[in-house]
> 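Structure below; questions to follow.
Small disclaimer: the values here were computed from a predicted structure and weren't measured.
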Amino acid sequence: MARRSVPILRHLLTKPTTPTLASANPTRSVTYMPRPGDGTPRAVTLIPGDGIGPLVTNAVEQVMDAMHAPVYFETFEVHGDMPKVPDEVIESIKKNKVCLKGGLATPMGGGVSSLNLQLRRELDLYASLVNCVNLPGLVTKHENVDIVVIRENTEGEYSGLEHEVVPGVVESLKVITKFCSERIAKYAFEYAYLNNRKKVTAVHKANIMKLGDGLFLESCREVASKYPGIDYKEIIVDNCCMQLVSKPEQFDVMVTPNLYGNLVANTAAGIAGGTGVMPGGNVGADHAIFEQGASAGNVGNQKILEKKKANPVALLLSSAMMLRHLQFPSFADRLETAVARVILEGKCRTKDLGGQSTTQEVVDGVIAALE
């Protein structure tokens with residue numbers, strides 16, 4: 001969302017030193033020549049999910065319709081208490097390659113597998129990305145927060161390898177592989193390079209888990225050596241949490257194993273304005289699923305659901321990430337600009353952002369702010 005190169009690019013393009021066409025129309029900063037067929041509407045698999053999921057995914061549908069965005073949705077009912085993700089859903093995502101998803105509740109205990117994990121493994125969505133950034137007009141305890149948390153999404157403590165050795169004793173295995181560690185490190189550095197980011201910080205606990213997290217660090221160091229223009233740092237996860245809440249502006253891109261990334265992303269989201277405004281996505285070589293970046297357990301909040309006051313901003317911004325992923329950047333820019341304008345004006349905000357607006361009132365505000 002907050003690409004640092006964009007303001008510089010716009011400045012250069014809209015304020016030329018010599019008279020050009022851009023000076024006559026400063027809003028037209030660059031000419032994009034699409035290939036034939038680039039504007040063809042794209043099918044996107046939609047999973048409304050549980051709890052507030054249908055409420056916020058409906059918000060996205062309304063805004064996309066108002067924008068006349070070149071996407072259309074194939075909707076499937078999936079719920080967290082299902083034994084597995086239906087085959088037709090997997091087939092739809094494999095066909096469309098892109099999915100927008102509301103939250104899926106994960107049952108606590110009982111041996112029921114998380115459908116979120118099933119989707120990530122089935123589609124090999126090995127990189128989770130959460131963009132935690134201050135939004136103008138939204139007062140937070142820290143300023144200048146602009147952190148991207150990139151999390152390995154397929155192994156670690158989420159490998160699901162648990163068994164009861166003897167009654168009362170459970171063994172849970174954490175799996176770290178060279179292959180997965182190396183590819184998430186490559187993704188993090190490539191993301192930093194392409195988005196004009198200056199620093200990548202690897203989060204670990206290699207002082208205790210010397211082999212597992214040590215392998216993760218070794219992979220990060222090898223990849224870092226190939227990107228001399230990007231500053232590379234390492235930080236132990238407990239110190240990382242302390243530094244996040246005391247001086248978050250020191251972080252830029254963070255790359256983490258699976259569990260640490262979940263904790264770090266939710267912490268960073270809370271610092272930057274709350275989980276209700278943080279976009280995110282899960283991406284692999286062939287497929288991508290976009291959803292709220294940090295959930296922090298609000299999927300099943302019954303009170304918010306009954307009052308229809310769920311915050312749709314996070315999923316709206318995630319859908320803007322999706323539009324950019326689909327190579328519709330102008331639509332993504334319009335959506336992000338409209339959401340930012342609504343946040344800045346402060347008239348339409350849900351309770352988590354200090355207001356009393358309903359989901360629909362926020363949606364109406366965003367639609368009215370579309371250019």
> For residues Phe290 and Tyr191: do they belong to one hydrophobic cluster (side chain heavy atoms under 4.5 Å, members Ile, Leu, Val, Met, Phe, Trp, Tyr)?
yes
> Would you call Asp286-Lys94 a salt bridge at under 4.0 Å N-O?
no
> Take a 6.0 Å sphere around NZ of Lys347 and say whether it holds more than 12 heavy atoms from other residues, nucleotides or ligands.
no
> Taking C-beta and beyond as the side chain, do Val56 and Gln292 meet within less than 4.5 Å on heavy atoms?
no
> Establish whether Phe331 and Phe73 are linked, either directly or via other cluster members, by ILVMFWY side-chain heavy-atom contacts under 4.5 Å.
yes
> With the 4.5 Å side-chain cut-off for hydrophobic clustering, are Leu370 and Leu135 part of the same group?
yes
> Can you tell me if NZ on Lys233 sees more than 12 non-hydrogen neighbours from other groups inside 6.0 Å?
no
> Does Glu164, at its CD atom, have more than 12 non-hydrogen atoms belonging to other residues, nucleotides or ligands within less than 6.0 Å?
yes
> Within the distance-only criterion (no hydrogens, no angle test), does the side chain of Asp38 pair as donor or acceptor with the backbone N or O of Arg35 below 3.5 angstrom?
yes
> What I'd like to find out is whether the side chain of Arg183 reaches to under 4.5 Å of the side chain of Thr154, using heavy atoms alone.
yes
> Rounded to the nearest 0.5 Å, what separates atom CD1 in Ile47 from atom CD in Glu77?
10.0 Å
> Check whether any side-chain heavy atom of Tyr227 lies under 4.5 Å from a side-chain heavy atom of Glu190, and answer yes or no.
yes
> Give the minimum heavy-atom separation between Gly293 and Val130, together with the two atoms involved.
O-CG2, 3.2 Å
> I want to check something: taking the side chain as every heavy atom from C-beta on, are Leu129 and Val283 in contact at a cut-off of under 4.5 Å?
no
> Do NZ/NE/NH1/NH2 and the carboxylate oxygens of Glu122 and Lys84 come within less than 4.0 Å?
no
> For residues Glu291 and Ser318, determine if any side-chain heavy atom of one lies less than 4.5 Å from a side-chain heavy atom of the other.
no
> Please give me the minimum heavy-atom distance between Val342 and Cys348, naming the atom from each residue.
CG1-O, 3.6 Å
> Looking only at heavy atoms, which two atoms of Ser319 and Leu335 are closest? And how far apart?
OG-CD2, 3.4 Å
> Let me confirm one number: the CG-CZ distance from Leu326 to Arg42, rounded to the nearest 0.5 Å.
5.0 Å
> Can you tell me how the ring of Phe189 sits relative to the ring of Tyr232, calling it parallel under 30°, perpendicular over 60° and tilted otherwise?
tilted
> Should Ile208 and Leu173 be regarded as members of a common hydrophobic cluster, given that ILVMFWY residues are connected when their side-chain heavy atoms come within less than 4.5 Å of each other, either directly or indirectly?
no
> Is the backbone of Thr177 close enough, under 3.5 Å, to the side chain of Glu155 for a donor and an acceptor to pair up by distance?
yes
> Out of curiosity, Asn153 CG to Leu117 CG, how far, rounded to the nearest 0.5 Å?
8.0 Å
> Give the intermediate values and the outcome of side chain to side chain contact (heavy atoms under 4.5 Å, CB included) for residues Asn207 and Lys205.
CA-CA 5 Å; Asn207 57 324; Lys205 192 66 177 173; 3.4 Å; yes
> Work out which heavy atom in Met278 is nearest to a heavy atom in Ala314; give both atom names and the distance.
O-CB, 3.5 Å
> Which is it for Asn196 and Lys198 under the side chain to side chain contact (heavy atoms under 4.5 Å, CB included) test, yes or no, and what are the steps along the way?
CA-CA 6 Å; Asn196 196 31; Lys198 304 303 182 185; 3.1 Å; yes
> Taking the cut-offs as 6.0 angstrom to the six-membered ring centre and 45 degrees off its axis, would you call Arg151 and Tyr158 a cation-pi pair?
yes
> With distance as the sole test, does Asp50 use its side chain to make a donor-acceptor pair with the main-chain N or O of Leu104 at under 3.5 Å?
no
> Within the side chain of His204, is there an N or O that forms a donor-acceptor pair under 3.5 Å with the backbone of Gly214?
no
> Output the distance between atom CD (Glu218) and atom CG (Leu211), rounded to the nearest 0.5 Å.
10.5 Å
> Please report the closest heavy-atom contact between Ala369 and Arg341, naming both atoms and the distance.
O-NH1, 3.2 Å
> Is there a side-chain contact between Met209 and Phe216 in this structure, where contact means two heavy atoms from C-beta onward sitting under 4.5 Å apart?
no
> Please confirm whether the backbone N or O of Glu88 pairs with a side-chain atom of Ser92, one donor and one acceptor, at under 3.5 Å?
no
> Assess whether side-chain hydrogen bond (donor to acceptor under 3.5 Å, both in side chains) is satisfied between Asn266 and Asn262, documenting all intermediate values.
CA-CA 6 Å; Asn266 277 274; Asn262 194 10; 3.1 Å; yes
> Does Thr337 reach the side chain of Arg334, with side-chain heavy atoms less than 4.5 Å apart?
no
> I'd like to know whether Thr140 forms a side chain to side chain contact (heavy atoms under 4.5 Å, CB included) with Val145, so could you lay out the CA-CA distance, the side-chain angles of the two residues, the decisive distance to 0.1 Å, and finally the verdict.
CA-CA 10 Å; Thr140 59; Val145 178; 5.9 Å; no
> Only one of Val313, Thr350, Leu316 clears side-chain contact (heavy atoms from CB on, under 4.5 Å) with Val277; which?
Val313
> Which of these passes side-chain contact (heavy atoms from CB on, under 4.5 Å) with Asn96: Glu74, Glu91, His287?
Glu74
> Minimum heavy-atom separation for Gly102 to Thr57, with atom names?
N-CG2, 3.7 Å
> Does one side chain, of Lys174 or Asn258, offer a donor that lies under 3.5 Å from an acceptor on the other?
no
> How about NZ on Lys178, more than 12 heavy atoms from neighbouring residues, nucleotides or ligands closer than 6.0 Å, or not?
yes
> Are the side chain of Asn131 and the backbone N or O of Pro279 linked by a donor-acceptor pair below 3.5 Å?
no
> Can you confirm whether Pro86 sits close enough to Val78 that some side-chain heavy atom of one is under 4.5 Å from a side-chain heavy atom of the other?
yes
> Before you tell me yes or no, could you show the steps for Gln356 and Lys351 under side chain to side chain contact (heavy atoms under 4.5 Å, CB included), namely the whole-Å CA-CA distance, both residues' side-chain angles and the distance that decides it to 0.1 Å?
CA-CA 5 Å; Gln356 291 297 325; Lys351 187 175 181 180; 4.2 Å; yes
> Rounded to the nearest 0.5 Å, how far apart are CG of Asn116 and CZ of Arg121?
11.0 Å
> Can you hop from Leu194 to Val148 via hydrophobic side chains spaced under 4.5 Å?
yes
> Donor-acceptor check, side chain of Glu152 to backbone of Ile184, threshold 3.5 angstrom: yes or no?
no
> Please answer whether the main-chain N or O of Val253 pairs with a side-chain N or O of Arg197 as donor and acceptor at a distance below 3.5 Å.
no
> Within the distance-only criterion (no hydrogens, no angle test), does the side chain of Thr359 pair as donor or acceptor with the backbone N or O of Lys308 below 3.5 angstrom?
yes
> Roughly how far apart are Leu46 CG and Tyr72 OH, rounded to 0.5 Å?
13.5 Å
